[in-house]
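As structure tokens, the structure follows; a few thoughts come after it.
Below, chain A is the first sequence line, B the second, and so on; all start at residue 1. Heavy atoms only: backbone and side chains are in, while hydrogens, waters and symmetry mates are out. Note that the coordinates shown come from a computational prediction; the quantities given were computed from them, not determined experimentally.
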Amino acid sequence: AEPLKELGKGEGAVSIVAWAGYIERGETDKNYDWVTKFEADTGCKVTVKTAATSDEMVALMNEGGFDLVTASGDASLRLVAGKRVQPINTDLIPSWKTIDERLQNAAWHTQDGVHYGTPYVWGANVLMYNTDAFKDKAPDSWNVVFEEQTLPDGKSNSGRVQAYDGPIYIADAALYLMTHKPELGIKDPYELNEDQYKAALDLLRGQRKLVGRYWHDAMIQIDDFKNEGIVASGSWPFMVNLLTAEKAKIASTFPKEGITGWADTTMLHVDSEHPNCAYMWMEHSLSPKVQGDVSAWFGTVPSVPAACKGNELLTDSGCATNGYEHFDQIKFWKTPRAKCESQGECVPYHRWVSDYIGVIGGR
Amino acid sequence: MRSDRGHRAPLVLKIAAGAGLLFLHLPILLIFVYAFTTEEKSYQWPPPGFTTQWFAVTWNRPDVWQALGLSVQVATIATAIALLLGTLCAAAVSQTKFFGREAISLLVILPIALPGIITGIALRSAFSLFDIPFSVWTIILGHATFCVVVVYNNAVARFRRTSGSLIEASMDLGADGFQTFRHVVLPNIGTALLAGGMLAFALSFDEVIVTTFTGGQQSTLPIWMLEELIRPRQRPVTNVVAMVVVLVTFLPILAAYYLTRDGDQVAGSGK
Amino acid sequence: MTSAATTSILPRRGGFFGALSDAFWRRPKLLLFLMLTPPLLWLGIIYIGSLLALLLQSFFSVDEFSGLINYEFTLATYAELLRPANFDIILRTVIMAAAVTLFSAAIGFPIAYYAARYAKGKWKAIFYLGIMLPLWSSYLVKIYAWKLILAKEGILTWIFAKLHLLWLLDGILALPVIGGNSLSISYIGTFLVFVYIWLPYMILPTQAALERVPGNLLEASSDLGATPRQTFRTVLLPLALPGIIAGSIFTFSLTLGDYIIPQIIGSSRLFIGQAVYSQQGTAGNVPLAAAFSVVPIVIMAIYLWIAKRQGAFDAL
Amino acid sequence: MTAAVEFQNVSRHFGQVRAVDGVNLTIAPGEFFAMLGPSGSGKTTCLRLIAGFEQPTGGHIEIFGETAEGVPPYRRNVNTVFQDYALFPHLNILDNVAYGLMVKGVDKATRYREAEAALELVKLPGYGARRPGQLSGGQRQRVALARALVNKPRVLLLDEPLGALDLKLREQMQEELKSLQRALGITFVFVTHDQGEALSMADRVAVFNNGNIVQEGTPEEIYKQPKVRFVADFVGSSNVLAPDVMKRLGGEARWASLRPEAIRLKPTGEGVPAKVLQASFLGASNRLLVEAGGAKLHVMLPADQAVPAIGSDIALGWGLADAHYMDDAA
Amino acid sequence: MTAAVEFQNVSRHFGQVRAVDGVNLTIAPGEFFAMLGPSGSGKTTCLRLIAGFEQPTGGHIEIFGETAEGVPPYRRNVNTVFQDYALFPHLNILDNVAYGLMVKGVDKATRYREAEAALELVKLPGYGARRPGQLSGGQRQRVALARALVNKPRVLLLDEPLGALDLKLREQMQEELKSLQRALGITFVFVTHDQGEALSMADRVAVFNNGNIVQEGTPEEIYKQPKVRFVADFVGSSNVLAPDVMKRLGGEARWASLRPEAIRLKPTGEGVPAKVLQASFLGASNRLLVEAGGAKLHVMLPADQAVPAIGSDIALGWGLADAHYMDDAA
Ligand SMILES: Nc1ncnc2c1ncn2[C@@H]1O[C@H](COP(=O)(O)OP(=O)(O)OP(=O)(O)O)[C@@H](O)[C@H]1O
Ligand SMILES: Nc1ncnc2c1ncn2[C@@H]1O[C@H](COP(=O)(O)OP(=O)(O)OP(=O)(O)O)[C@@H](O)[C@H]1O
Ligand SMILES: NCCCCNCCCN
Ligand SMILES: [Mg+2]
Ligand SMILES: [Mg+2]
């Protein structure tokens, strides 16, 4: 489809597939609300469908019926390739110019110079841990979730750690191997040849013995940290924030091996029924207020640098805390493809999907 | 039953039966308990405090009412359809012999004998094949499909028990087909239909899986609960709703019991 | 009462209905046809049609990268089912369903037996309500109640701790395969919740079947010298079997297809229901989801065939 | 005079089963007509053909001269008393009885008045408020009768109406039915497989076998002059004797029936020699099982006559006319 | 000699209902003992007390001299033939018959051999492979018998075993049962509410009413010398006549019974004047309903005697000894 030429009147509604916590209307905490005012201003009623994994987002968009999706890098190009999203006309989004230069032409939403959406926010998969179990000393390595060991509280980590229930987590294992098994020659955790891939799977198989249940849903992970005795896991700042707000003995850290992360793009469905409202939302989503509020709520970094200053909720130190300066160290999610830049032939994503099911299943 | 008259149940049996009933009920009591907890984000044992505020909160939550409204609407219509289809099927099967009669009982049982997820994705893929948009009717379609069997089972059992000569007696006494249906058939299968209808309603009212696939973005009460339970805002609200549903349904269940007690079929067999 | 009417054939009742009634009487096939048309259209065309549409999808494949369906006939999707990871899922689910069914039958039987043969009057009503009420209480909320019971820091642990029996709980959790770090993430937990949720579906038909066993057969058995235990094994159980089979249709099939329970109480190892759900919803691989769903269809078809031969349909 | 019911070569086949097979039958108005026969012989099917629950697959049926084919049961002025009574369990007795009038649209006051009258006729006044379940078998049977009679049918069909009653009640109801029929003058068609009942109640009896009538006549004709062996065998407890036996007993070499009560004890040496095998006390009489001429015979002795010892040798005699020879060859 | 079954003042009350109330009873070994009585009179309960399905609430029961209380049915050497046969529907005929041996642990070969033999005894050889549902009522009854007999019980209890059979089959089974009992010498306790059956089969009969035995004796005693009105009324179809009627008929002013077959027609003017009300043909005889002395009487005429016209005046006579006077006052 051709991008919209000019902005028309709002259609009265817009529906968005989003990560939990990305689009808030003050229901959990009334200070965090960047929907109510938008609805009042534009007359576009916002409905949100939360998704827990990138695969789920792709499936929802394939099925249709939505206008926008906050797709991470491991979903965005698949959506483009599947022609589920349409190019956008950046002229209709006045705030486009305010976007962080590092993101303006990022590969996960730009193909052949054409933009397929507006950057939303980005962030890191931090290591969340229980401060009691670690005696207030932050673990400095991902080995606490990958290798069996006795934690500072004197008990084994077995059964007390979690891993993400999504195939993209294989990259976290690869990232860990980049430090601990340099001889494998992994350059990019999303581009693995057969040997590198096998090593990552082996690491994960070992991890299977430590993990009781994989985390799939942000809220359930929170529950597990509270009721199931989980003390360490890769996680999102979002959960860290919610748990600390509840005064749980929880903190997070950036381990030395580095970190994976996501940079999300608000993309427009090819058959969007409410394109005008969708454009209005994209513009709205780039306002420093929204960017700052989301970042404060979820623990992300805004895509609009202006949001780093003067946002009440995020505070002026928020961007730094959430990793503004670490942009280059974060290995952002992207879809593993057979043809890869670093070494030509790589293991494609569909194998990641089926093998990760196997790993969790005990294979 | 004659053999058991005057005989006491063996102690082991009593204990096993009692323990079984307890097993069925303790978790439900827990649901009740957590309708009164002061903690709202997640459950914790023992509950930190007691409050009745969640009843007021629930009352004032429009999303509860919306979901409830949709569920009642869906369950009512699905039950009505199931009553119609189930009765027709039962009447045809029990009043006449025809080729393929056996196949019909299989056909009716199939939607409940196959897991709900299969009914769900089958209907869903048919909807997408024919570009049928999700609506209340797509939910109803799914629910009515597996509800037919409970009505059918109750009605067939009653038809079997109701002597065929009653219908002949009525015709013999001068009543034509319609009069016979109104004055003899309907009153005789009435309580069975009521019991079957109640079960159908209950099945539909509590169905999650099929609804997930046929509901699109609409929230029936169970779908609302699922959302609430996974992404809790005020968890006890879910418990309040569940508890009220149990309490409100208590009377109809009891009524169904007394209505079908004389029959060979307790309301509920065949769910 | 004094004189008989003079005609032996009465005139037809007037109007449309009179004529229609006569027509139906003369052509019962027409009535039958009219009665069967709506249910057959609904179940035979819409429902079976949908199932076939689903089956058809299992012969397509999905594009690995974009996740879009490739509408060309292939058996590749079925081949995928046999991959170890997927085959594990099938095996795991079938074993679980069988275990849940057997156990439900075992603990459901005493309840059904007591309710059918000993409970009288008020107690009969209490048993009836006791079985029906759980059926009517929200499925989801019950599962969450169990999460709370089984969690590491949940009620069971609390009770075991109070009773100084934590060693026992730890012992159970240390069991290979079925144990785990906590009940709520072990097969034991998943199993318990399955049993709990489907138990009433087992009890009701069993009870109905037991109620239909004529009392004098039990007396006859005893009269012929069978001890109560022998009577139970050789008369009561065989005669209640159709009811148990009918119940097992539910417990087996519901376990085969459920994806909510193992997702909430489980160890992240998938069951068929979850595989179907995630292939369809999360991964968008409808062909594989369809192929997965053929598994329960085939299993239940065999099951129904056996049940039919055992006369279990009458006990449903 | 037109017949109440006339069957002209009527058949009713169910696939291979020839339930009724070419029956010709004429029932006169006001007659008490019994259909007698073993199980499965087609009696019920005949009744259902008259009532209109079955359609003949061949032949022609007339009811009071009017063609019956194609007329549904509810338009035939014929009523049935069902074997299991088929009372409507959801209606009380009065509503059961008033049912036929109700569906005809008779107003409430009238139909209840007539229903009460019918209940009085069957000696159940004041039972109207009860439910069928609260009545005994005999009472239910009478309600079923009242429910049929209130419609003033021209023919009343009764399918083994006394089958479920016990002996004492049955004898009582037999007498009541009989006098009711006499009083009302309605044509009764009565199905039974109890020969005693058929003989004692009916004006005329048709004996069925294999879907057909094998003999029709007054009870005495049927009992005393069975045309074929089947009838002799089935009606009463006749001794049916093969030609060779008859020959040995001094009669013609033909099939014959010899009623037990026609056989007398004779002084030894005078009649046919026989040996006593068994003796049963029947109250009003004693029944002997004896062996004579190589066959087993039943002999009925009046109660006042001494019973010979089992195993003893006796002599028997009977009148020439008592040995009734029959047609059939086989 | 010890009695096969002895009841000493045995009672079985169900709450208010006195199903059995102080019964004394002695059944001799090898006897064919019948319990006769109206519905609800306690016959079945007595049988169940013997079988052990019920426990007495009072009194004492002995079976072959051994105390029966507290002994469960499966440890009593007593077997029952149930009214509805109670065959196990899930077992074939052979397994049904072999059941008692199977639970006793008899090996397969032996028990099947004995079961076959029992089937032969009841004239059903080769039926072993069928299911109960594939047999007729009479055949099922015989299987039930074989199933009981294979255990060689010392007492066989039969609860209305012929109730569900039709007349013809019933008479045949009566004879078979009787000769089987003679051949085996087992004590039979037979419950029935059919007086004819009790009289023709039993060595001794106990007549039950209201949970108690009102008379016990041989069939002839019971039939000819009823002690009380109830027995006269219930057994056979006696004319039970009130004291005032007897007086008017020229007898003593006491309750009496007069059997219909004892009454003879007399030339007019000679005997008691009577008027014929109704006549029924019974085959072997004719039954008249007459009015005499202000009461209705049944008169049984032998088949060879002419039946007087209905409404005609006749005269009746009977022997002095035929009027049997009874004890009871009421
Ligand atoms: N609807 C039917 N379909 C097939 N066969 C039938 C049907 N109705 C009756 N028959 C058969 O027709 C024959 C005659 O049946 P019918 O009921 O008339 O016998 P009957 O003389 O009344 O016997 P009974 O004394 O047992 O009532 C039987 O063999 C019966 O099985
Ligand atoms: N378990 C019971 N509880 C209460 N009353 C009972 C029970 N069993 C029998 N009775 C009553 O005891 C009385 C005698 O019953 P029983 O069955 O012995 O009679 P019966 O002589 O066998 O009658 P029938 O000829 O009808 O079989 C009846 O009034 C019956 O209702
Ligand atoms: N009580 C609700 C549990 C859900 C079971 N649904 C059965 C439907 C099968 N298609
Ligand atoms: Mg019949
Ligand atoms: Mg009895």
Distance in Å, [X] [atom1] paired with [Y] [atom2], rounded so as to fall on 0.5 Å steps:
X        : Y        : atom1 : atom2 : answer
B:Leu114 : C:Leu256 : CG    : CG    : 10.0 Å
B:Arg235 : C:Tyr144 : CZ    : OH    : 6.0 Å
B:Asp206 : C:Leu140 : CG    : CG    : 7.0 Å
C:Leu129 : B:His25  : CG    : NE2   : 8.5 Å
C:Ile46  : B:Leu123 : CD1   : CG    : 8.5 Å
B:Ile121 : C:Leu54  : CD1   : CG    : 4.5 Å

**Prompt:** How close do C:Gly273 and B:Ile117 get, heavy atom to heavy atom, and via which atoms?
**Reply:**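 Of all heavy-atom pairs spanning C:Gly273 and B:Ile117, the closest is O-CD1, 3.2 Å.
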**Asked** Shortest non-hydrogen contact from C:Met300 to B:Pro115?
**Response**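 Smallest interatomic distance, heavy atoms only, reads CG-CD, 4.3 Å.
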Against chain B, label [X] side chain, backbone, both or neither, depending on which of its atoms sit under 4.5 Å from a heavy atom there.
X        : value
C:Leu304 : side chain
C:Lys124 : both
C:Ile143 : neither
C:Ile260 : side chain
C:Ile48  : side chain

Contacting moiety of [X], where chain C heavy atoms sit under 4.5 Å:
X        : result
B:Val241 : neither
B:Leu129 : side chain
B:Leu84  : neither
B:Tyr34  : side chain
B:Leu221 : neither
B:Leu24  : both
B:Leu26  : neither

Do [X] and [Y] touch side chain to side chain, with heavy atoms closer than 4.5 Å?
X        : Y        : result
B:Ser125 : C:Gln57  : yes
C:Ser50  : B:Phe130 : no
B:Ile209 : C:Asp258 : yes
C:Leu43  : B:Pro111 : yes
B:Asp176 : C:Phe24  : no
B:Leu30  : C:Ile155 : yes
B:Ile28  : C:Val141 : no
B:Gln179 : C:Phe17  : no

Over 12 non-hydrogen atoms of neighbours within 6.0 angstrom of [atom1] in [X]:
X        : atom1 : value
B:Arg101 : CZ    : yes
B:Phe178 : CZ    : yes
C:Trp158 : CH2   : yes

Between [options], which residue shows the highest count of heavy-atom pairs closer than 4.5 Å to chain C?
options                              : value
B:Val148, B:Ile81, B:Leu141          : B:Leu141
B:Ser105, B:Pro46, B:Ala92, B:Gly86  : B:Ala92
B:Leu106, B:Asn239, B:Thr180         : B:Leu106
B:Leu21, B:Leu85, B:Leu229, B:Ile118 : B:Leu229

Out of [options], which one racks up the most heavy-atom pairs below 4.5 Å with chain B?
options                              : answer
C:Ala115, C:Pro28, C:Gly257          : C:Gly257
C:Tyr114, C:Phe109, C:Tyr196         : C:Tyr196
C:Phe292, C:Tyr259, C:Phe127         : C:Tyr259
C:Trp146, C:Trp25, C:Phe252, C:Trp42 : C:Trp42
C:Pro228, C:Ser138, C:Ala145         : C:Ser138
C:Gly130, C:Ser222, C:Gly44          : C:Gly130

**Prompt:** Between C:Ser137 and B:Val246, is there a donor-acceptor pair closer than 3.5 Å when you use the side chain of the first and the backbone of the second?
**Reply:**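 No.
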**Request:** Among B:Val93, B:Leu88, B:Thr87, find the one that has a side chain to side chain contact (heavy atoms under 4.5 Å, CB included) with C:Met35.
**Result:**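 Answer to the side chain to side chain contact (heavy atoms under 4.5 Å, CB included) test with C:Met35 among B:Val93, B:Leu88, B:Thr87: B:Leu88.
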**Asked** Parallel under 30°, tilted from 30 to 60°, perpendicular over 60°: which one fits the rings of C:Tyr277 and B:Phe213?
**Response**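 The arrangement is perpendicular - the two ring planes meet at more than 60°.
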